[in-house]
Protein chains: 2
Amino acid sequence: MRSNESFASAIRLRGMKLTRQRQLILEVLESSRGHPDAEMVYAKAKERDPRIGFATVYRTLALLKQLGLAEEHNLGEGHGHFEAVDKTKPHFHFTCLKCGKVVEFVSPQILRTTQSLCEKKGLLVTDIHLHFSGYCRHCRPAGSECAEKP
Amino acid sequence: MRSNESFASAIRLRGMKLTRQRQLILEVLESSRGHPDAEMVYAKAKERDPRIGFATVYRTLALLKQLGLAEEHNLGEGHGHFEAVDKTKPHFHFTCLKCGKVVEFVSPQILRTTQSLCEKKGLLVTDIHLHFSGYCRHCRPAGSECAEKP
DNA sequence: ATCTAAATGATAGTGATTATCAATATCAAA
DNA sequence: TTTGATATTGATAATCACTATCATTTAGAT
């Protein structure tokens, strides 16, 4: 795991300590498919370290976010969902309002547009959250095309 | 206020009742600058109707969202921010991580790209939330250009 | 004016996240 | 390698944003 290295150095750079728990939580996140929430990460971490605490999970997820190793997404449920960052594959999310399915997709064009917008406005962008919601192919009413809100 | 009309008809269409409180909350939202949260809407509504309740504010904001008359944005604080919808001006938000300022901007190009993505994937998109965060012109470190997360 | 269902407001409850703090573990230095 | 300073942990209490409940009130049809 290459990010273990960068994690260790980022941690030490800031005078923080590389703990068993922090490494475990990063590993859990990296080996997760989809977008686990804090509770899910806690459950998975607990399988490998039954003594791990809930607060540590939250603290570590916040730390990983700060270090740019994790992202938190708001998928329309009342709580956060987390994902290990793979810088080579920035992507966006669509949530189906009916079946709840989350679709990931990429758009180099949106990234480019964002890039140029950011330059024009003098904004230093560190995070882009693009989240669509609506109805997936399966749940959309028959015959409906892309449209504005009803 | 043209949206009062559409509000009244949308409400009645669904067999709901057009109450003093609902009208007041819509008016508060429409006359607000920026992106008030539920508490702010409650405070402003209370100025005009001291008997109004907290739950009513939440219920009505949810209703306005359903009717497409309001949007809820996640600006990185732990709670929602609301905004009356003006369909002629879809826009996005940038939050400065240092000073907290929220910048609004438009991008017809991103809307177009979204439109065509949605068509390709067969997704019926009803809502687009694009939220950037980073550092504004004033807070960004001197000499820094647009860049990835540190 | 009357009636009925919808809506309100007060408040209790819930779920997610954060703060507190004594106990523990990391890691630099002796 | 032990020691010591202090960052971190884990248990739990607290907080925060929001939602459910329910008796009372009100909108709007008759």
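Quick note on labels: first sequence line is chain A, next is B, and so on, each numbered from 1.
- Here the side chains of A:Thr56 and A:Thr19 are not in contact, with every heavy-atom distance at 4.5 Å or above.
- Legend: residues meeting salt bridge (Lys or Arg N to Asp or Glu O under 4.0 Å) with A:Arg112, ordered by chain and number and at least two apart, are absent.
- The side chain to side chain contact (heavy atoms under 4.5 Å, CB included) with B:Leu69 is formed by just one residue from the set B:Asp86, B:Leu29, B:Leu64; it is B:Leu64.
- Rounded to an integer number of Å, the gap from CD of A:Gln66 to P of D:dT8 is 11 Å.
- Here the side chains of B:Arg48 and B:Glu27 are in contact, with some heavy-atom distance below 4.5 Å.
- In this structure, the CZ atom of A:Arg22 is 11 Å from the P atom of D:dG10, given to the nearest Å.
- DNA chain D is contacted by both A:Tyr42 and B:Ala38; A:Tyr42 maps to the nucleotide lying nearer its 5′ end (nearest heavy atom per residue).
- Distance CG (A:Leu64) to P (D:dT8): 13 Å, rounded to an integer number of Å.
- For the pair A:Arg59 and C:dA19, the criterion of a side-chain N or O lying under 4.0 Å from OP1 or OP2 is not met.
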For nucleotides 12-17 of chain D, print each protein N/O atom paired with a nucleotide N/O atom at under 3.5 Å, atom names and distance only.
residue, atom, partner, partner atom, Å
D:dA17, OP1, B:His79, ND1, 3.4

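- Atom-to-atom, CG of A:Leu63 to C1' of C:dT18 comes out at 16 Å; the value is rounded to the nearest Å.
- Ring-plane geometry between B:His93 and B:His91 is classed as perpendicular, the angle between the planes exceeding 60 degrees on a 0 to 90 degree scale with a lower cut at 30.
- We find that CG of A:Leu24 is positioned 11 Å from P of D:dT9, with the value rounded to whole Å.
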Which protein N or O atoms sit under 3.5 Å from an N or O of nucleotides 23-29 of chain C?
residue, atom, partner, partner atom, Å
C:dT26, O2, A:Lys17, NZ, 2.6
C:dC27, OP1, A:Leu18, N, 2.8

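- The interatomic distance linking B:Asn74 (CG) with C:dA16 (P) rounds to 15 Å, in whole Å.
- For B:Glu39, the CD atom is loosely surrounded, since the number of other residues' heavy atoms within 6.0 Å does not exceed 12.
- In this structure, B:Arg51 does not reach the C:dG9 phosphate: none of its side-chain N or O atoms is under 4.0 Å from OP1 or OP2.
- Using a 4.5 Å heavy-atom cutoff, the side chains of B:Cys118 and A:Phe132 are not in contact.
- Residues A:His73 and A:His129 have side chains in contact (heavy-atom distance under 4.5 Å, counting atoms from C-beta outward).
- The closest side-chain heavy-atom distance from B:Asp49 to B:Arg20 is below 4.5 Å.
- Distance CD1 (B:Ile52) to P (D:dT25): 17 Å, rounded to an integer number of Å.
- For A:His81 and C:dA16, the NE2 to C1' distance is 11 Å, given to the nearest whole Å.
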